[in-house]
Every structure is written in C-alpha cells, then in structure tokens.
Number of protein chains: 2
Amino acid sequence: MDDVARAAGVSLGTVSHVLNHPDRVAPRTRDRVQRAIEELGFVPDRRARSLAGGASSMIGFVVIDLTNSYFVDMARGAEEEANLAGMNVVLANSDIQAEKELTYLHLFDEERVAGILLTPVENLADQAWRSREWRRRLVVANSDGGADRCSVAPDDELGGYLAARHLIDVGRRSLVFAGGLFHLAPVANRLRGAQRAVAETNGAVRMTTVTTAGLRPKDGREVGARLADLPPAERPDGVVAAADLLALGLVQALAGQPGLRIPEDLSVIGYDNNQASWESAIPLTTIAQPGHEVGRTATRLLIEEIREPGTHRHQCIKIEPQLIVRSST
Amino acid sequence: MDDVARAAGVSLGTVSHVLNHPDRVAPRTRDRVQRAIEELGFVPDRRARSLAGGASSMIGFVVIDLTNSYFVDMARGAEEEANLAGMNVVLANSDIQAEKELTYLHLFDEERVAGILLTPVENLADQAWRSREWRRRLVVANSDGGADRCSVAPDDELGGYLAARHLIDVGRRSLVFAGGLFHLAPVANRLRGAQRAVAETNGAVRMTTVTTAGLRPKDGREVGARLADLPPAERPDGVVAAADLLALGLVQALAGQPGLRIPEDLSVIGYDNNQASWESAIPLTTIAQPGHEVGRTATRLLIEEIREPGTHRHQCIKIEPQLIVRSST
DNA sequence: ATGAAAGCGCTAACAC
DNA sequence: GTGTTAGCGCTTTCAT
C-alpha cells in the first residue's frame, strides 16, 4: 500500500480512505489512487485489514457431509444470504467425524472469522464442541443448538405428517412406514408426524411400522421383497419410506411383480428429494428437505447476531419441508 | 497474549516462544505459560501470526461442483495431504460459475492463503482466471493448467482404454461406445482410449459410436430402448458408457427385455464410480475416477511449490483411473 | 480533503 | 532462557 501511496503522491492514510470511505476523498485524488492500484496490481491484505479494523467479512461453515446434496444446498443458501450482506462463506468438511469438526471449529476461531455455521455430528458421545465456549458467534444448522445459541432445522415431524397425509389424500387406507435407525431424531420425528396424520383419520386409516437395517437401496429392496411375498389381501396400498434411497430400492423390488403396479396398486413416497428420486425410472414422490432455506435462515440469524449484538435474541427456527408429487403416488 | 504473559509472569516474547519453539524455553516456564493459556482460554490469532511471520498454513480450494462426489473425494485427498504437512484446507464452491470462481480466487488471494487449489470451470469463454497473475501459488486440478503452473488430471484416455479392454477381455466382440457432449475433453478422451483398445485387436473387435443428448439416466434409457429394438443379430454384446448415470439408465431399459440378460448377453461398463453405480439393482462395472489421488497429488505439488520455491519445476501429472469389476460385465 | 501517528496481535531478531 | 523491540499491512482517530 506504501507503493500505491507513493505512486499516487499521497499518504498511506489517503489510500486507505479510498478503499474504505471513497466519499471522504476528493474525486481527483481518488481517481489517481485507483489508477495507481490498477497499475501496481495492488491486492489489499485482508488479514491486516481485519486485524486493524476488527471486522472480518468471512463466515466459516463446518459442513458434516458434502456428499449429501442437502448440505450443499445449505451451503448455497448460506452463500446467497451472506453475499447479500457483503460477506463470504468458506466451507470445511467435517466428514461426519467429531475430531475434524473440532479441528475446523478451532481453525475458524483462530482465524477470527466473523461467524461460524455448524451442522454438528449427531453422535451424542461426540459433542465436545458444545462444552467449549466459542469466542465466535456460532449458529447451528440442521439440529437443535440448545438454549444459548441460534439454530435452524427442518421440521421433520411436519414432513412425516405431509407424507402420510398425501397418501391418505390420494385414497390410501392401509399404510406402512418403512424406516430404520429410529434412534436418530430425524427418522423418529418423521414417524411421529406420519402417525399424527393417521391419528387424525379416527381409525379410517391404519399404519404399521417396518424396521429396516439402514436407509440404503439395499434395505429398501429387502422390504420390497417382504411386501411382495404378502398375500394380496394383507398388502398395504401405501408406503412412507424414511428416505428416498430406501424408497428407491423398494420400488425396484416391487415394480416387476405381477398385479402390483405403482402407483395404481401401491403408492410409495420417499423423503429427501435425493437426486436419485427424480432420475429413477419411476420418479419418486417425496418430501424435499429445505436445505437451501435452512442455510439462508441460519446465515440471516448469524449476520443479525454479528451486526446487532445488543438486540439479538437467540431462537430456534423450524423450516417447513415441501411435498413434491411425482409418479410414484 | 499480553494477559497470558502477565498471568504467567513472563514477557510477551516468551509466550510467543512456547507457541512456536517450545524447545527453546525452560520446561518449568513452559508449563507455567501453558497453564495460563488454558486458564485464560487464550486462542492465538492466526491473522496476526501470519501477518508477522509471513507464513499462513491455510490452503484454499475452489471446487467446481460439490454435488459431484468425485470432487469431494478430491477435497478429502487434499485435506489428507495438507494435514501431513501441518496445513489446513478450506473449500469454496464455485458451482460451475466462472464469476463465483473469480470471486473466491480473489478472496483467497486477499486472505494471503499459503496456496490455492483450483478445479476450473471448463467453459473456454470463462477462463478469465488464466489471464490474471495470481500472487498466490496455484495448482490446477482435473484439467490442464497450461505450461506455467502445476496441474493434475485423471488420464481419461487410459480410462477409456481400460473400459474397452475389459469388455474385450471378457470376450465381447461387437461394442458400442455410448456418450454425448463430445466437445468436452474428458468424454472425447475416453472415446479415443476405447478406440485405441479396439484398434489393438486388429479388426477382431468392432465398435460403433452412439451419440446421446447428455450423460443422464434419461439419455441412457433412450439408448437402451434403441438397442433393444435392434434385431438380435445386429445387437452389440458390449457397451462402454461415457458415464455411470448413462450406463444406469441403459441397464434399466435393457434389463427387462426377453433374451437380453446382463451380463450374459450384453455387458455394460460405466465411468465415474458414481454412488448410483454400486447401489443399483445390477451393480455396475465401472472406471473409478481417481479423485482422491488427484487431490493428494495436486496438494503435494502445491506444498512442494510453497516449501521449495527455488528448486520447484512446474509439471502436469496424469493419474491412472481404476477398473472396478462388478456384476454388469 | 489530506497527512501523521498510534495501534491491531503477533513473530523474529537481537540483547542480556 | 528470557526480555526488548522493530516491524507485518492495514484502519482510524486526530490534527492541519
């Protein structure tokens, strides 16, 4: 910056002014300085800027699983909202490992970023990050952040409700909820929501639960095979799958069976709006996770907390998932 | 840090020493300082450290498409290699937009990161980043970086060769190369490789090319339908698909046909080792993109360039893809 | 409108 | 071994 000042024949402080308060400097000198910046290819040093000024414009986002497009959507939402406020988002991949999560949390802390977004590793044994007092503002996404910070999460209970409700609306009366890993809050909440929808029918609709080993296509194919073996009278006419990949396997196993057309004889609804759900042979009706919206909202909250530390009140926001109707129901 | 020094009853410089050269300080004072750090919850400021010392330990990786697991693999590889050298990797999502790519390149430049990794947007009109002289060390991944910088890319020609070679090895004699978007270097190179494998047979094997609109399952299903309509005599016995999702659609369309068992009557090989390839009903034989290895190598080159600016020579490294045999061949 | 100077939090000589 | 001090590149008062 010294060079720029010398080339433009002004003082260091003036160069700084054209960078930060261009209006407080005479148009002619401003032009002169800007030309010098151009010619010298001057690139300001953000480390020094934020050191001296105290304000970083970088938000660090510790993402749990970048192979899951839901979280990438969240990152996109976060970027959009951050850009609106003139801030940037950089990502770190914790890869479902509590250790890496902590490493990056520390990195961002030491980098003195303006704020941190975190999608925590859910394993209860691995929540060391909660016990530490982070000096950065931190908002939690996709999971409950506790009372003393902001968090934003999808409303899985509502999602489960919408899924079952949709099957009921298209005339299904004998449902199955297929899912596994019920110790995970999202799955458990989806089941609860589905049960609420059934309960509302006052007995007009029945639903049983089938537990799978996991939520992969393989698990779905197993359930599908089991359902296909059932005597037609006992067969359900609607399946709520806890995840799209599960639903996908289910449809694969069922689609070939005689007298079992999808969706005529059996409707299947998934959950996630996974890429596979719309690229499969029978595009899946599904509940779209509001990743984009979660990312935006979390970032909005974070920036609010950064900008107005005084008036800010912590809150936990639930985002509505979206029903997407396709060919499987 | 002042507080720490005061609490430990030492000078500022000593605290700095226990942080940077713990061996140069007496064990007892070191312990005292470390205890003070603990108690005060002191978190060193990386901005100030790198400002004063000149060395950042952060590598910025501008990733083109985080929804593609190939690039996430690259990021993982980069992290591993960076950690080995005591460095960290933060990610930025350019999302296939040249504009965002430039934004993040500038961000990392201004942040004075130790080095930059870039998977460039391939659109030739959008290569503004090439014309600029980045002040950071930059290595290009997954694409040719040009003569004046390092780059690492998968050997697509070899991948295409391996794919066709495998079909030939399992006895296929009438091949089809199915693919689209031949203006993209990767696809074109895969085709060339496949043709080389065929040429080596001196006419014992024939291969025709079928052009698809894209590389999605939908496109695969179209080709599949076309092949199924062919009189059995004219039908190929092996298909090299330019991408897994394409192969997936193809298999879906073909699997149901009478007298067309996969792999007995027709072998299909994909490309990418996409998640879908191993989770589908008929797991796909495929060529695995060496994302992890590309990431590692690019980072190794970058760190080499950072650490030994004198002896470093720019180079362009090609990484071998891997044949993964599954049920479709 | 511009310049001078004090510091942001730290590292790296250099003294003692 | 430990303390002292001069910067690193910038922003921000406070003068002028």
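Labels below follow one simple rule: chain letters A, B, ... track the order of the sequence lines, proteins then strands, and each chain is numbered from 1.
Closest contact between the side chain of Ala52(B) and the listed nucleotides dT12(D), dC10(D), dG7(D) involves dG7(D). Listed nucleotides: dG7(D), dG9(D), dG1(D). Nearest to the side chain of Ala26(B): dG1(D).
Val15(B) comes within 4.0 angstrom of no nucleic acid atom, judged by non-hydrogen atoms across all strands. As judged by a 4.0 angstrom heavy-atom cut-off over every strand, Gly53(B) is placed among residues touching the sugar-phosphate backbone only. Among the atoms of the strands shown, none is found under 4.0 Å from any heavy atom of Ser50(A). Residue contacts for Arg24(B): at a heavy-atom cut-off of 4.0 Å it reaches a base atom on one of the strands shown.
Listed for the Arg137(B) side chain is no donor-acceptor partner under 3.5 Å among the backbone atoms of Pro309(B). Proximity of a side-chain donor or acceptor of Asp95(A) to a complementary backbone N or O of Gln97(A) within less than 3.5 Å is not detected.
In this structure, the CG atom of Leu19(B) is 17 Å from the C1' atom of dG1(D), given to the nearest Å. The CG-P distance, from Leu51(B) to dA6(D), rounds to 18 Å in whole Å. As a whole-Å value, the separation of Arg32(B) CZ from dG1(D) P is 14 Å. One interatomic measurement links the two molecules: CG of Leu12(A) to P of dG9(D), which rounds to 11 Å at whole-angstrom precision. Atom CZ in Arg46(B) sits roughly 18 Å away from atom C1' in dC8(D) (whole-Å rounding). Whole-Å rounding puts the Asp2(A) CG to dC10(D) C1' distance at 10 Å. Whole-Å rounding puts the His21(B) NE2 to dT2(D) C1' distance at 14 Å. As a whole-Å value, the separation of Leu40(A) CG from dG9(D) C1' is 15 Å.
The existence of a salt bridge linking Arg49(B) and Glu110(A) is excluded, since no basic side-chain nitrogen approaches an acidic carboxylate oxygen closer than 4.0 Å.
Of all nucleotides in DNA chain C having an atom under 4.0 Å from a heavy atom of chain B, the first and last in 5' to 3' order are dG9(C) to dA12(C).
Across all non-hydrogen atoms, the minimal contact from Ala82(B) to Ile303(B) is CA-CD1, 4.0 Å.
The list of ring pair (Phe, Tyr, Trp, His ring centres under 6.0 Å) pairs with a residue in residues 89-141 of chain A, not counting sequence neighbours, reads His106(A)-Trp134(A). Identified under the side-chain hydrogen bond (donor to acceptor under 3.5 Å, both in side chains) test for residues 21-45 of chain B, with sequence neighbours left out: Asp45(B)-Arg47(B).
Between Asp45(B) and His17(A), the residue whose closest nucleotide on DNA chain C is further toward the 5' end is His17(A).
Look at Ser16(A) and you won't find any side-chain N or O under 4.0 angstrom from OP1 or OP2 of dT12(D). When the side-chain nitrogen and oxygen atoms of Thr14(B) are compared with OP1 and OP2 of dG3(D), one or more of them lie within a distance under 4.0 Å.
Interatomic distance, Glu101(A) CD to Gln127(A) CD, rounded to the nearest 0.5 Å: 8.0 Å.
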